Every structure is written in C-alpha cells, then in structure tokens.
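Read the numbers this way: they start at 1 and go in the same order the structure lists the ligands and their atoms. Model, not experiment: these values are computed from the prediction. Reckoned from all heavy atoms, side chains included, excluding hydrogens, waters and symmetry mates.
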Amino acid sequence: MQKGKQIYEGKAKKVYQTDSADILIQEFKDDATAFDATKRGTIRGKGVINNTISKILFELLESKGIETHFIKQLDERQMLIKSVEIIPLEVTMRNIVAGGMSKLLGIDEGLVLKEPVLEYHYKNDALHDPLINEYHAKALGLATDEELDFIERRSFEINNILKAFFEHKNLILVDFKLEFGRHKGRVLLADEISPDTCRFWDKETREKLDKDRFRRDMGNVEEAYQEVLKRLTR
Ligand code: UDP
C-alpha cells in the first residue's frame, strides 16, 4: 500500500491517502491538547502507545461483531483504515461521574452511575463541542433517525465489551468518547480508543491513568499511558 498525500491533520493524528480510494493511513502523533487546544504539549511516545492500544481495542470489538474502520497496524505509529465520512457527533459514554458531567451537574467525581449515560456532543471546536440531544442531531441533519438508533445500540454494546475487558486488566473504565463514520452505506466505529479519549482509573488505588494527568498537570503522564498498554498486553 503506497502512502499518498496528507489530507488531514488534527490535534493528535494525521491522515494520508493511499493508492486505494477508500483506504487511508491514520498516523498517531505525540502532540497533546486540552481545553479546546488552549493547553498544548507533547506526551513522549504517546503516538506509538495510542496506535497500539487502539489496534488492540478495535480488534477486540471486531471479534465481538462491532464493525470498525480499522484494517491493520502498519508500523509503530500508523494504521490502515477504511475511509469514512465522519458523523459530526462525539458520543460520550459514562459509567462514573467525572470531567464535564461533574462540572455540568455539580456532582463530585467518582459517583457510580445507576446505569451508563450516553451523551451527544456536536463536533464543532469553535462552539466547544456543545452538549446536544438526539432531537438536535436529527433536526440539524447531523444523522438520521436510523443512524442514531444504530449508534446508540452500538455505543452501549461497546461500553459493555470494553468495561468487562478493562475490569479484567484491573482498570475502571470511567468514561470515553466514540466517533462513527459512514462507509459504503454502513456506519462504522472510527477515530481511536486510547487514554486520550477514555478515562481509566486503577481498580484498587483509583489512580488516574489517562489524559487527565496532562489536563490537570499531575505528572507521570507518559508512565500512565505506558501502564495502560502494559496491562492490555500482559
Ligand atoms: N473526550 C474526548 N475528546 C473530547 C472531549 C472528551 O476524547 O473532545 C473524552 C474524555 O477523554 C473523556 C470523555 O470523553 O474520557 C468525557 O469527557 P468530558 O465530557 O468529561 O469532557 P472533558 O472533561 O474531557 O472536557
């Protein structure tokens, strides 16, 4: 597969064309941003770790019947993916209150929710990814009724699969963000699943092992990402 022109550069990834029209290369960078990119930095080795963690989780989900954009890992920082038209929704799944939900509702971090909460955020940096509901999504034509039903069902399934998997690795899956995309008439799970897009707490100590260490200047950021990878691969 020939690597072609770069067609996109985001905060944590670059995307390149290949010689096949519906296949792309996704490259993971070490750059990190938070708070709408007002905080910027580098997490050494993050790209390599997130590429591998995403690969492991996409393969796990595929093995359970969840279609994803992942095709295969190419090297340390790059994976081959199916080209999708990203649906402009950030789907957040929450098992425990943290971050945005804690702030929005004035609830202390750590409250275990009676059942998982699904949130839609309109994917729009200039508006700071505002919280919307399915009626906004439909009325604004961001996704169809059918697509939203599918995304909702899939997101709860993905949460069940990932929660059980991480539990086994002594990690609590607090919350995470998913993105979906359209590919040849189907809706696939896209983007990445990594400590950049999930919150993980150690099951015993509740130590944070994710991007909150960067957001909150807690130190040992690289070490936390390494630790998640280590637990997933042993
Ligand atoms: N998240 C993400 N990208 C975003 C916003 C959030 O991957 O642009 C992830 C985040 O890492 C966390 C979950 O989505 O695992 C919920 O984030 P929240 O809404 O609490 O926002 P935050 O506190 O990160 O601003």
_If the test is side chain to side chain donor-acceptor pair (under 3.5 Å), which one of D30, T52, N51 qualifies with R77?_
D30
Report the part of [X] in contact with ligand 1, treating N, CA, C, O as backbone and CB onward as side chain, heavy atoms under 4.0 Å; options are side chain, backbone, both, neither.
X: K211; result: neither
X: T92; result: side chain
X: K103; result: neither

*Nearest protein heavy atom to atom 4 (C) of ligand 1, by residue and atom, and its distance?*
E90 OE1, 3.5 Å
*Quick one: look up the protein heavy atom nearest atom 18 (P) of ligand 1 and list residue, atom name and how far away it is.*
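Answer, as residue, atom name and distance: R94 NH2, 3.4 Å.
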For ligand 1, which atoms have a heavy atom of [X] less than 4.0 angstrom away?
X: G100; result: 18 (P), 20 (O), 21 (O), 23 (O)
X: D196; result: 7 (O), 11 (O)
X: R215; result: 10 (C), 11 (O), 24 (O)
X: D129; result: 8 (O)
X: G99; result: 20 (O), 23 (O)

*Should the ring pair H69 and F58 be called parallel, tilted or perpendicular, given that the plane angle runs from 0 to 90° and is split at 30 and 60?*
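Rings of H69 and F58: perpendicular, over 60°.
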*Kindly indicate whether the side chain of I43, heavy atoms from C-beta on, has any atom under 4.5 Å from the side chain of Y225.*
yes
Any Lys/Arg nitrogen of [X] or [Y] sitting under 4.0 Å from an Asp/Glu carboxylate oxygen of the other?
X: E223; Y: R44; value: no
X: E27; Y: K13; value: no
X: K11; Y: D196; value: no

_Does the protein come close to atom 6 (C) of ligand 1 - that is, does one of its heavy atoms sit below 4.0 Å from that atom?_
no
*Take atom 25 (O) of ligand 1 and look for protein heavy atoms under 4.0 Å from it; say yes if you find one, no if not.*
no
*Cut-off 3.5 Å, side chains only: do S194 and E192 have a donor facing an acceptor?*
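Per modelled atom types, S194 and E192 side chains form a pair under 3.5 Å.
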*Among side-chain atoms of Q78 and K3, is any donor-acceptor pair under 3.5 angstrom?*
yes
*Roughly how far apart are I53 CD1 and K46 NZ, rounded to 0.5 Å?*
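It comes to 10.5 Å.
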*K123, R199, K177: member with heavy atom nearest to atom 17 (O) of ligand 1*: R199
*Proximity winner for atom 13 (C) of ligand 1, if only heavy atoms of T33, D175, L131, V97 are counted*: D175
